[in-house]
Amino acid sequence: MAQFNMEDHPHRRLNVLTGEWVLVSPHRAKRPWQGQVEKVSEEKRPEYDPKCYLCPGNERIGGHLNPKYTEPYVFVNDFSALLKDTPEGEVNEGLFQAKSESGICKVICFSPRHDLTVPEMEVSEIKKVVDLWASEYKSIGENEFVNYVQIFENKGSVMGCSNPHPHGQIWSNSTIPNEPAKEQVRMKEYFEKNGRSILADYVSAELEKKDRILFENDHFVGLVPYWAVWPFEAMIVSKRHVTNLLELTEEEKMSFAAAYKELTVMYDNLFEVSFPYSAGIHQAPTDGEEHPEWHLHMHFYPPLLRSATVKKFMVGYEMLGNPQRDITAETSAQRLRDLSKVHYKHR
Ligand SMILES: O=C1CCN([C@@H]2O[C@H](COP(=O)(O)O)[C@@H](O)[C@H]2O)C(=O)N1
Ligand SMILES: [Zn+2]
C-alpha cells in the first residue's frame, strides 16, 4: 500500500474558519496543464457610456440622476434587498420560523471610468475606494438596527454582474449573515482559548510554509487558503490584528489597495481575460460590542477553472455532499505566483 501523500491521494481538508470540509482529488489533475488558453475577445469599452446606469451624469432606473462624480460614488440601491423601515414582525409556529429583517443596501461606483476594472486602476484610485468602504462601514454601522455590514464586489457577467462599470455593493442588516456568523463562532473559540486571532496565527504559519503565499506587502498578505474550494480562491489578510477597516492606518489602507490590485492583476493574467469573481470583506459586527476575535480579511471566489470559458460548477456532490476540487491549493498558488506582475493589457 503506497504511503499517503497530499499531492497524489484524495483527502479532505478542514476550513478552520467555518468548520467545514473540502474534498481534494489531486490524482484527477495529475495530467500536465495542457488546458488550452483560448483568447476571448473582449470588446474595448468606452471611458463613458451614455446608456450606463452607473456612469457620471446618467439617469438611473427610476429617475435618480448620478452627479458628474470624479471620485468613487456611493448611492442607495434603487432595488434594495433590505429596507430600513421594515416593520418588526415574526412567525413562531413550531417548525415554521420567520423574522422581519431590516437593513441598508448601497452601490459603490469605484471610478467615473466605464472601462476600468480594479486591476487597471491606479493604487491611489483604489485607496479612495478603501477609504469609502471604511466611511460607509462607519456610517451604516452606526444605525441602531444595523449589526453587520457586508462589503462585496461581483465582477464579470458570469457572476451575474449586471453592469461592467467597476462597482461594488454594501448590504447591511440587523443579524449577522450565515458566513460571517460561522466564522465568528470559530474565531471566538480560538481567541478565548489562545488569546490570539486565529487568522494572525494562520497567516504566520502560511508565511513559514510559503507554498500557498501569493504575495505580501508591508501590511497585507495574499494567499490561497489551505482549504480553498474554488480553483483559484484567494484571501487577502491584514498582517496586524485589526478587527475592522476603521482600525487601519492611512498606510495600511494604501497597502490594502495595493494588495487588491496585485491579486486582481494576477487573476487577469492567468487567462489574459478580465477575470470574474465575487469578493467580500469580513470584519467585526457593528453591534457596538468589542469583537477582538475578528481579524479583517477579504475572500475572493472566482469561478474559472481551466480557461477563460471553462468554469467550475458547484453542483451535484458539492451541493448534496461537500465542495470538491481537483487541482490542489498549492498548485493554484504556484500558477498564480509564476505570472507576470504587469497587467497583460499594459505589456
Ligand atoms: O439604476 C440602477 C441600476 C442598477 N442598480 C443596482 O446596481 C447593482 C448592480 O450590481 P451588480 O451588477 O453586482 O448586480 C444592482 O444591485 C442593482 O440593483 C441600481 O440601484 N439602480
Ligand atoms: Zn471570512
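Whatever order the structure lists ligands and atoms in, that order sets their numbers, starting from 1.
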- Mark up the atoms of ligand 1 that fall under 4.0 Å of a heavy atom belonging to Asn163, in ascending order. 12 (O)
- Query: Closest non-hydrogen protein atom to atom 12 (O) of ligand 1, residue and atom name please, with distance?
  - Reply: Ser162 N, 2.7 Å
- Item | Sub-4.0 Å heavy-atom contact, His167 with ligand 1 | yes
- Is the shortest distance from a Lys or Arg side-chain nitrogen in Asp49 or Lys51 to a carboxylate oxygen in the other one below 4.0 Å? yes
- Query: Under 4.0 Å from any heavy atom of Asn154, which atoms of ligand 1 are there?
  - Reply: 13 (O)
- Item | Protein heavy-atom partner closest to atom 1 (O) of ligand 1 - residue, atom, separation in Å | Ile61 N, 2.8 Å
- Query: Who's the nearest protein heavy-atom neighbour of atom 19 (C) of ligand 1, and how far?
  - Reply: Asp78 OD2, 3.3 Å
- Message: Can you see whether His64 engages Asp78 through a side-chain donor-acceptor pair at a distance of less than 3.5 angstrom?
- Response: yes
- Between Tyr148 and His282, how do the two ring planes meet: parallel, tilted or perpendicular, split at 30° and 60°? perpendicular
- Query: Which residue, Glu250, Glu122, Glu71, forms the salt bridge (Lys or Arg N to Asp or Glu O under 4.0 Å) with Lys127?
  - Reply: Glu250
- Message: Donor-acceptor pair, distance only, cut-off 3.5 Å: does the side chain of His165 make one with the backbone of Ser111?
- Response: yes
- When distances are taken from atom 13 (O) of ligand 1, the protein heavy atom at minimum range is Gln169 NE2, 3.0 Å
- Which residue supplies the protein heavy atom nearest to atom 7 (O) of ligand 1, what is that atom called, and how far is it? Val107 CG2, 3.7 Å
- Task: Tell me whether the centres of the aromatic rings in Tyr277 and Phe275 are closer together than 6.0 Å.
- Result: no
- Item | N/O/S atom name from His282 that is nearest to the position of the Zn ion (ligand 2) | ND1
- Looking at atom 4 (C) of ligand 1, what's its closest protein heavy atom, distance included? Phe79 CE1, 4.5 Å
- Query: Salt-bridged, Arg347 to Glu272, with N to O below 4.0 Å?
  - Reply: yes
- Query: What N/O/S atom of His297 is the closest to the Zn ion (ligand 2)?
  - Reply: NE2
- Would Phe145 and Ile170 show up in the same hydrophobic cluster when neighbours are defined by side-chain heavy atoms closer than 4.5 Å? yes
- Note on the structure: In this structure, atom 17 (C) of ligand 1 is nearest to the protein heavy atom Asn77 OD1, 3.7 Å
- Provide the number and element of each atom of ligand 1 under 4.0 Å from a heavy atom of Cys161. 12 (O)
- Message: With respect to the Zn ion (ligand 2), please indicate if Glu179 possesses an N, O or S atom at a distance under 2.8 Å.
- Response: no
- Query: Does an N or O from Tyr53, backbone or side chain, lie closer than 3.5 Å to an N or O of ligand 1?
  - Reply: no
- Relative to the heavy atoms of Phe75, which atoms of ligand 1 are at a distance of less than 4.0 Å? 19 (C), 20 (O)
- Message: Determine whether Glu47 and His114 satisfy the following criterion, side chain to side chain contact (heavy atoms under 4.5 Å, CB included), listing intermediate values before the conclusion.
- Response: CA-CA 5 Å; Glu47 291 191 13; His114 184 76; 6.0 Å; no
- Nearest 0.5 Å please: distance from the CG atom of Asn217 over to the CZ atom of Phe256. 10.5 Å
